[in-house]
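Below: the structure, in structure tokens.
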Number of protein chains: 2
Amino acid sequence: MKLEIVTKSDQNDIQNQIILNIKELISFKNLEPGDKLPSERMLSEKFGVSRSNIREAIRKLEFYGILVSKPQSGTFIAEIGTVAMDGMLNDILNLEDPDFKSLVETRILLELKTVRLASLRRTDEDLKKIREALEAYAEKVENGEDAVQEDLLFHLAIANASGNSTMNTFMLIITPEIITNFEKYHVCDSNQSVRGIKEHEEIYKAIESQNPQLAKEKMKIHFGTLYQYCYHSDK
Amino acid sequence: MKLEIVTKSDQNDIQNQIILNIKELISFKNLEPGDKLPSERMLSEKFGVSRSNIREAIRKLEFYGILVSKPQSGTFIAEIGTVAMDGMLNDILNLEDPDFKSLVETRILLELKTVRLASLRRTDEDLKKIREALEAYAEKVENGEDAVQEDLLFHLAIANASGNSTMNTFMLIITPEIITNFEKYHVCDSNQSVRGIKEHEEIYKAIESQNPQLAKEKMKIHFGTLYQYCYHSDK
DNA sequence: TCTTGAAAATTGGTTAACCAGATTGGTTTC
DNA sequence: GAAACCAATCTGGTTAACCAATTTTCAAGA
């Protein structure tokens, strides 16, 4: 178990080292947005790492919008300006893994917004999906089973109905880590789940009646416990 | 240009097709969290695609926390439960590319929060970095140059000072797309930039004096124009 | 001198062979 | 019978050769 983690972080180190090398190369060669990077082969030779490592690092920088690679042509620096590129590269190199508190804080922020947007923009189709998620959750809880997953799917359905694809994506990104940490720290107990049904129903009703203010209010209540955890804990 | 876009989207289609295949395989074989997926070779043969395509799809699902691959051992289904896995896979397959409105909406949401957190948690080191970003921005504007990048670096410095790694990452993710769209739609003109200096300074002062409410207020004012764009446009 | 166009070189993507570490199953040993 | 051990096998990762599309080069033709 230990070993595996070490390799993972080593892997990350290598990737960050490559990104640092690329950054220095760009700076040294005075490359500007739109310019072509040396080929993957050349980079792998120059940095003394495998081409797949290079490709991986390039993918990461592509994800953050700093590079754009065109098939059979080359990898180019995105048109975001030298200054932004340099600043962002620094930030990417300094990125730290999210802690649980940071996740919860972000989740609450996102959800208080998505629930508002959902109540404004939801289609009938959206509403139906939320209803289904709600019922799946209620059924699980009533059977006394663990319903963390169904809980989160209800919230994801709301994010989906918000009509904001960015927030929807972000919710998807943090969800698995929320689940893992919930199970690790046992944040919710079964009593809370029973109460959760009523809270979910209230949120649903607010969305149904297209009342954004009420929806946000009910979501805030629903997050009551988490809120406390987030703002009164040292974790 | 057209061709390139087509290949990109084709590429995406292939990846989504693989993810769909994996989803069906999991369902068909009744695989549960913790179980091992067939090896990459086997999957590539079964689905009739290259192993690198398989690896790429697995990486994507790893990013969304659904799979975990261990070197020299296998790829495993993450411990997030069958229901959550299934629901998330559906959501991932239906993910749509973010539109500009969605980006701006999310940016405003994030920044009104990060500026509050930054004013509460900023260290002296953070403050210094924000100050530097502010000065770089002011200098560019006073020279009559375009300062979109410096503008965003100022905001990223605030996100960095927020002490919330998740929000920081999210800000990094949306920044390049914001830059690209700003340049495309010419959202800001130079007059706005001059006014922007004063606004940035006010935000800085609020963070310096650790006044979260004021900081949020000043940020809201700063977003005035964008706000309008966001809520009174059909785009 | 400029245009044209075909061949050569270069590129990211793909494929297949290979590697080292992990797993597995059976055999030995006590 | 159980524990220890070893070798065969299987795994994700790496490497190197290959591919098809793109870009470059440069000589032929006007």
Side-chain angles (χ1 to χ4, degrees), chain A residues 1-19 21-22 25-26 29 31 34-78, chain B residues 1-19 21-22 25-26 29 31 34-78:
Chain A
M1 196 60 180
K2 184 83 173 294
L3 266 174
E4 163 209 339
I5 291 173
V6 170
T7 24
K8 268 282 201 287
S9 97
D10 278 358
Q11 199 55 27
N12 207 19
D13 282 354
I14 290 177
Q15 207 178 94
N16 270 6
Q17 184 58 50
I18 294 175
I19 292 178
N21 283 336
I22 290 178
L25 183 90
I26 289 174
K29 290 206 170 186
L31 296 182
D35 287 355
K36 187 161 78 172
L37 233 59
S39 69
E40 295 179 352
R41 288 164 185 77
M42 221 166 277
L43 291 175
S44 83
E45 194 178 348
K46 193 185 282 262
F47 301 157
V49 296
S50 74
R51 204 183 139 198
S52 25
N53 283 136
I54 296 281
R55 283 174 64 81
E56 217 169 315
I58 288 177
R59 280 290 162 82
K60 184 166 179 180
L61 293 181
E62 244 185 314
F63 173 74
Y64 283 105
I66 291 186
L67 296 180
V68 180
S69 72
K70 297 185 187 178
Q72 280 75 47
S73 174
T75 304
F76 298 83
I77 301 178
Chain B
M1 195 60 180
K2 182 82 173 292
L3 266 174
E4 165 209 338
I5 292 172
V6 169
T7 23
K8 268 285 202 287
S9 94
D10 277 359
Q11 199 55 27
N12 207 18
D13 282 353
I14 289 178
Q15 208 178 92
N16 270 4
Q17 184 58 51
I18 294 175
I19 292 178
N21 283 337
I22 291 178
L25 183 89
I26 289 173
K29 289 206 171 187
L31 296 182
D35 287 356
K36 188 160 76 171
L37 234 59
S39 70
E40 295 179 352
R41 288 164 184 79
M42 222 165 274
L43 290 176
S44 85
E45 194 180 347
K46 193 184 281 263
F47 301 157
V49 295
S50 74
R51 202 183 140 198
S52 25
N53 283 136
I54 297 282
R55 283 175 64 82
E56 218 169 317
I58 289 177
R59 280 290 161 83
K60 184 166 179 181
L61 293 181
E62 243 185 313
F63 173 75
Y64 283 105
I66 292 186
L67 297 180
V68 179
S69 72
K70 297 186 187 178
Q72 281 77 44
S73 173
T75 303
F76 299 81
I77 301 178

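Just so it is clear: chains get the letters A, B, ... in the order the sequence lines come, proteins before strands, and each one is counted from 1.
Listed by chain and number, the residues in a salt bridge (Lys or Arg N to Asp or Glu O under 4.0 Å) with Arg41(B) amount to none (sequence neighbours excluded). Residues passing the side chain to side chain contact (heavy atoms under 4.5 Å, CB included) test with Lys36(A), sequence neighbours excluded: Phe76(A). With sequence neighbours left out, the side chain to side chain donor-acceptor pair (under 3.5 Å) criterion links Ser73(B) to no other residue. Partners of Phe63(B) by ring-ring contact (aromatic ring centres under 6.0 Å, His included), not counting sequence neighbours, listed by chain and number: Phe63(A). Every residue two or more places apart in sequence or in another chain that forms a side chain to side chain contact (heavy atoms under 4.5 Å, CB included) with Gln17(A) is listed here: Leu20(A), Asn21(A). Here Ser44(A) pairs with Arg51(A), Ile54(A) under the side chain to side chain contact (heavy atoms under 4.5 Å, CB included) rule; sequence neighbours left out. With sequence neighbours excluded, no residue satisfies side chain to side chain donor-acceptor pair (under 3.5 Å) with Ser39(A).
In this entry the distance linking CZ of Arg59(B) with C1' of dG12(D) reads 9 Å, nearest Å. Going from atom NZ of Lys70(B) over to atom C1' of dG21(C) covers 14 Å, rounded to whole Å. Separating the CD atom of Glu40(A) from the P atom of dT11(C) is a distance of 10 Å, rounded to the nearest angstrom. Taking atom CD of residue Glu56(A) and atom P of nucleotide dG12(D), one finds them 15 Å apart after rounding to whole Å. Rounded to an integer number of Å, the gap from CE of Met42(B) to P of dG12(D) is 9 Å. Rounding to whole angstrom units, CZ of residue Phe47(B) and P of dT14(C) are separated by 17 Å.
Backbone-only contact: Ser39(B) has heavy atoms under 4.0 Å from sugar-phosphate atoms and none from a base.
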Between the protein and nucleotides 7-9 of chain D, list the N/O to N/O atom pairs that are separated by less than 3.5 angstrom.
none

Check the interface with nucleotides 17-20 of chain C: list each N/O to N/O pair with the protein under 3.5 Å, or write none.
residue	atom	partner	partner atom	Å
dC18(C)	N4	Arg41(B)	NH2	2.9

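Set against dG13(C), dT23(C), dG12(D), the side chain of Ser73(B) has dT23(C) as its closest nucleotide.
Put simply, the side chain of Lys60(B) reaches to within 4.5 Å of the side chain of Asn16(B), judged on heavy atoms.
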